[in-house]
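Structure first, then comments.
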Number of protein chains: 2
Amino acid sequence: MSENQFFQSAISVNCVVFGFDGKELKLLLIERELEPYKGDWSLPGGLVYPREDLQAAASKVLHSITGMDSIYRAQLKAFAATDRHPFGRVITVAYLCLLRHVEADLTESTFAKTTQWFNVNRRPDLVFDHEKIVSAAVTRLRENIRSRPIAFELLNEKFTLPELQLLYEKVLGKSLDKRNFRRKISYMDFLQDTQEVQKQKMYRPAKLYRFNTELYQEAKQEGYVFSL
Amino acid sequence: MSENQFFQSAISVNCVVFGFDGKELKLLLIERELEPYKGDWSLPGGLVYPREDLQAAASKVLHSITGMDSIYRAQLKAFAATDRHPFGRVITVAYLCLLRHVEADLTESTFAKTTQWFNVNRRPDLVFDHEKIVSAAVTRLRENIRSRPIAFELLNEKFTLPELQLLYEKVLGKSLDKRNFRRKISYMDFLQDTQEVQKQKMYRPAKLYRFNTELYQEAKQEGYVFSL
DNA sequence: ACAAAAGTGTTGACATTACACCCATGC
DNA sequence: GCATGGGTGTAATGTCAACACTTTTGT
């Protein structure tokens with residue numbers, strides 16, 4: 001076997017981390033502390049050790065910049081253009097990650113000079129092929145948010161329907177009819193009214209709802225298909 | 001930089017090649033001529049050279065076993081479990097490939113002892129993690145065939161509606177109502193009646209249709225969304 | 001009482017399902 | 001003329017889109 005010529009590539013993971021601050025869809029970026037492109041903005045990520053699992057590597061990256069564990073992540077796609085990394089052949093596997101914006105502690109960051117949330121649509125230029133990766137992630141998020149209950153990963157455990165609707169509007173890039181939106185929600189038994197209301201602002205407080213994972217799983221077993 | 005510890009992995013591509021013989025959904029498998037697992041059944045694939053593009057590598061694999069070029073392929077997913085390959089860390093990027101069953105010339109195969117079509121549901125056990133890859137591909141095909149005009153990649157340029165419907169039934173695993181299916185088809189202006197009929201069998205011949213890519217692209221530009 | 005956003009129903013258009021018979025051909 | 005699968009329409013139901021006013025709270 002002459003496999004040595006093949007075993008010369010590196011594997012990395014990159015995390016496209018979305019958040020929602022109640023107003024805009026956000027993207028978590030880091031200012032690189034290491035070469036190449038030191039000082040430029042990039043997706044959080046890192047090289048994967050030869051014996052390291054990809055999911056574990058992604059978790060490590062996410063923990064190191066947010067201090068959080070068990071963050072939602074789904075494999076997005078592999079990016080492998082031969083010229084994407086100046087140091088050699090580096091194939092990267094991108095993950096689409098969703099987290100509760102407020103729970104992230106960005107001061108934790110170890111491998112980034114700074115870590116910062118940006119509006120998805122007003123982000124700095126990114127290094128490598130990270131623009132492509134972000135575009136693919138935004139597209140995937142847009143496709144999946146309608147057919148899977150992933151929006152709840154971006155909201156607090158208790159959330160209001162106006163929050164949920166605004167999140168959908170920001171992701172889909174269009175406004176939705178309030179009454180139609182809420183009618184669909186009302187059919188979803190796994191979205192439960194908590195009998196609580198949002199802390200007062202200067203107008204009518206909104207009811208707080210909760211996504212009940214167990215009830216959703218049951219419904220799914222029985223053939224229910226999420227759709228919004 | 002101590003990047004050498006990272007640049008020790010290999011990249012491979014694997015192709016999940018679907019076909020349709022007019023009766024069943026088929027999967028193209030090879031009997032391995034090389035170690036590891038020589039003699040066992042596996043997905044066609046191969047290691048990628050450090051300077052080789054993934055798409056090109058997939059095309060090379062596909063050409064070498066079918067003699068065909070420009071076969072439909074879409075990246076499915078990366079599979080990267082640390083223990084998936086006995087020779088070391090090999091990350092594989094799987095492609096979902098669709099081709100016209102009759103056009104493949106399996107005698108072309110260069111790197112396989114034999115190349116053979118199997119019913120998707122009656123396939124031999126596969127090596128590595130190829131079972132997982134096939135499962136993911138079947139799921140993806142099932143999801144995508146309803147929202148993208150990819151079924152036509154599996155049919156002859158001219159095809160009949162009973163053929164198309166049977167293909168959908170085999171992929172989705174359920175029978176469809178003929179009249180409802182054909183009504184939806186009739187709205188699709190990019191599916192054109194060729195004014196020809198299928199070569200006679202011993203009963204009424206079916207009309208031949210053609211998928212007009214240009215018309216489909218135009219409709220898509222104008223906001224049309226494929227759905228079946 | 002005012003400002004601000006939360007919450008609530010109905011109607012018409014369209015899409016989906018269910019369902020049964022005649023048609024064209026080769027033998 | 002018979003066997004075989006190809007081809008066709010309608011009615012009932014369900015889903016989706018459009019649309020405006022009342023309610024609740026803090027100040």
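Heavy-atom basis, side chains included; hydrogens, waters and symmetry copies ignored. Protein chains get the first letters and strands the later ones, always in sequence-line order, with residue 1 at the start of each. It should be emphasised that the depicted structure is a prediction, and the values quoted were computed from it without experimental measurement.
- The ring-ring contact (aromatic ring centres under 6.0 Å, His included) search around A:F226 returns none, not counting sequence neighbours.
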Which atom pairs, donor and acceptor, lie under 3.5 Å between side-chain atoms of residues 13-21 of chain B and protein residues at least two apart or in another chain?
{"unit_1": "B:N14", "atom_1": "OD1", "unit_2": "B:T92", "atom_2": "OG1", "d": "2.8"}
{"unit_1": "B:N14", "atom_1": "ND2", "unit_2": "B:P44", "atom_2": "O", "d": "3.4"}
{"unit_1": "B:D21", "atom_1": "OD1", "unit_2": "B:K23", "atom_2": "N", "d": "2.7"}
{"unit_1": "B:D21", "atom_1": "OD1", "unit_2": "B:E24", "atom_2": "N", "d": "2.7"}

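- Under the side-chain contact (heavy atoms from CB on, under 4.5 Å) criterion, A:K132 pairs with A:F79, sequence neighbours left out.
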Are any protein N/O atoms closer than 3.5 Å to N/O atoms in nucleotides 15-19 of chain C? If there are, list each pair with its distance.
{"unit_1": "C:dT17", "atom_1": "O4", "unit_2": "B:R183", "atom_2": "NH2", "d": "3.0"}
{"unit_1": "C:dA18", "atom_1": "N7", "unit_2": "B:N180", "atom_2": "ND2", "d": "3.2"}
{"unit_1": "C:dA18", "atom_1": "N6", "unit_2": "B:N180", "atom_2": "OD1", "d": "3.2"}
{"unit_1": "C:dA18", "atom_1": "N6", "unit_2": "B:R183", "atom_2": "NH2", "d": "3.4"}
{"unit_1": "C:dC19", "atom_1": "N3", "unit_2": "B:R179", "atom_2": "NH2", "d": "3.2"}
{"unit_1": "C:dC19", "atom_1": "N4", "unit_2": "B:D177", "atom_2": "OD1", "d": "3.4"}
{"unit_1": "C:dC19", "atom_1": "N4", "unit_2": "B:R179", "atom_2": "NE", "d": "3.3"}

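- A:D105 pairs by the side-chain contact (heavy atoms from CB on, under 4.5 Å) definition with A:T107, A:E108, not counting sequence neighbours.
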Listing, residues 143-155 of chain A side-chain donor-acceptor contacts under 3.5 Å, not counting sequence neighbours, or none:
{"unit_1": "A:R146", "atom_1": "NE", "unit_2": "A:L228", "atom_2": "O", "d": "3.2"}

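- Remark: A:E196 engages A:K158 in a salt bridge (charged side-chain N to carboxylate O under 4.0 Å, His left out) (not counting sequence neighbours).
- For the pair A:K23 NZ and C:dA5 P, the computed distance is 11 Å after rounding to whole Å.
- Mapped onto DNA chain C by nearest heavy atom, B:K178 and A:Y203 fall at different nucleotides, with A:Y203 at the one closer to the 5' end.
- Considering only residues two or more places apart in sequence or on other chains, B:Y203 meets the ring-ring contact (aromatic ring centres under 6.0 Å, His included) condition with none of them.
- Protein chain B contacts DNA chain D from D:dT4 to D:dT10, reading 5' to 3' and using non-hydrogen atoms of the protein with a distance under 4.0 Å.
- A donor-acceptor contact under 3.5 angstrom links the side chains of A:Q198 and A:E163, judged on distance only.
- Regarding A:I185, its CD1 atom lies at a distance of 15 Å from the C1' atom of C:dA6, rounded to whole Å.
- Taking atom NZ on A:K207 and atom C1' on C:dT8, their separation rounds to 10 Å, with Å as the unit.
- Judged by distance alone with a 3.5 Å cut-off, no donor-acceptor contact links the side chain of B:R204 to the base of C:dA24.
- The backbone N or O of A:L176 lies less than 3.5 Å from a partner atom in the side chain of A:E169, making a donor-acceptor pair.
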Table please: side-chain donor-acceptor pairs of residues 213-223 of chain B below 3.5 Å, with sequence neighbours left out.
none

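- Of the residues in residues 144-152 of chain B, not one places a heavy atom less than 4.0 Å from an atom of DNA chain D.
- The residue among B:A206 and A:M202 whose nearest nucleotide of DNA chain D lies closer to the 5′ end is B:A206.
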Scan the side chains in residues 115-131 of chain B for donor-acceptor partners under 3.5 Å anywhere in the protein, sequence neighbours excluded, and list what turns up.
{"unit_1": "B:T115", "atom_1": "OG1", "unit_2": "B:S109", "atom_2": "OG", "d": "2.4"}
{"unit_1": "B:N119", "atom_1": "OD1", "unit_2": "B:K26", "atom_2": "NZ", "d": "2.7"}
{"unit_1": "B:R123", "atom_1": "NE", "unit_2": "B:E131", "atom_2": "OE1", "d": "3.4"}
{"unit_1": "B:R123", "atom_1": "NH1", "unit_2": "B:V120", "atom_2": "O", "d": "3.0"}
{"unit_1": "B:R123", "atom_1": "NH2", "unit_2": "B:E131", "atom_2": "OE1", "d": "2.9"}
{"unit_1": "B:D129", "atom_1": "OD1", "unit_2": "B:R84", "atom_2": "NE", "d": "3.3"}
{"unit_1": "B:D129", "atom_1": "OD1", "unit_2": "B:R84", "atom_2": "NH2", "d": "3.0"}
{"unit_1": "B:D129", "atom_1": "OD2", "unit_2": "B:R84", "atom_2": "NE", "d": "2.8"}
{"unit_1": "B:H130", "atom_1": "ND1", "unit_2": "B:L43", "atom_2": "N", "d": "3.0"}
{"unit_1": "B:E131", "atom_1": "OE2", "unit_2": "B:L126", "atom_2": "N", "d": "3.1"}

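- The CZ atom of A:F181 sits 14 Å away from the C1' atom of C:dA6 (whole-angstrom rounding).
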